[in-house]
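Down below is the structure, laid out as structure tokens.
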Amino acid sequence: MNLEVKLMKNILGANDEIATQNRKIFSERGVVVMNLMGSPGSGKTTLLEKTLALLADKIKIAVIEGDLFTAKDAERIERAGVDVIQINTAGGCHLDAPMIQKACAALDLDAIDLLIVENVGNLVCPAEFDIGENFKAVVLSITEGDDKPLKYPLIFKESEVTLLNKIDLLPFTNFDLRAACEDLTTLHPTIKIFETSCTTGAGLGEWAEWLLGKAAR
Ligand code: MG
Ligand code: ZN
């Protein structure tokens, strides 16, 4: 076995152990956890703001914000009136299970129904690291191009749901919606797809309803 492969296996092995511990704690405390992923600029934080506005009076939500350096996203989420913890990865391109374990020490898990973790903006390694979540979600914005599911298959295979975001921009791009949905379904036959726009509000009600159903479980 070459050294690089062995090293990667060890890193993931150690991560998975903590992820299993996290998952056990979340389950004991009755917290449903969503790992929200997507490229920088796909609209994750704006989507989160809109989602919180729709759900905050129905269930108790807390947010963990993963970012390389700033607290800009956490400040936005805080304005929505929910508890938010900022993790700065200092340049690291994904969140891992130990980071989540540490952040959760600052949260009152018993008072939370749904914990949303906004991962670092990146379509690659966030999908490789289990953080102890119940399910993963990926935001793909129309402006990123319809080729992304086939170019970054792992994140779409791992995610239970894809949000095709900024759907209002469809007429101004060459994004092939049908091809993208076909590719997503080929990669992951049971994947749930929402077409959303935080500008027009399209699809947000359906999405929030679906998420509420997940959190109620
Ligand atoms: Mg963000
Ligand atoms: Zn990474």
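No experiment lies behind these values; they were computed from the predicted model shown. Remember, it's 1-based here, ligands and their atoms both numbered in the order they're listed.
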>> Any N/O/S atom from Glu118 (main chain or side chain) under 2.8 Å of the Mg ion (ligand 1)?
In response: yes
> Which of the N/O/S atoms in Asp73 sits closest to the Mg ion (ligand 1)?
Replying inline: OD2
> Does Asn88 offer a backbone N or O that forms a donor-acceptor pair with the side chain of Asp67 under 3.5 Å?
Replying inline: no
> Closest to the Zn ion (ligand 2), which N/O/S atom of His94 is it?
Replying inline: ND1
>> I'd like to know whether CD of Gln21 has more than 12 heavy-atom contacts from other residues, nucleotides or ligands below 6.0 angstrom.
In response: yes
>> At less than 2.8 Å, would any N/O/S atom of Glu65, backbone or side chain, sit next to the Mg ion (ligand 1)?
In response: no
> Can Ser141 and Asn165 be counted as having a side-chain donor-acceptor contact under 3.5 angstrom?
Replying inline: no
> In this structure, which one of Asp130, Val33, Ile100 forms a side-chain contact (heavy atoms from CB on, under 4.5 Å) with Asn22?
Replying inline: Ile100
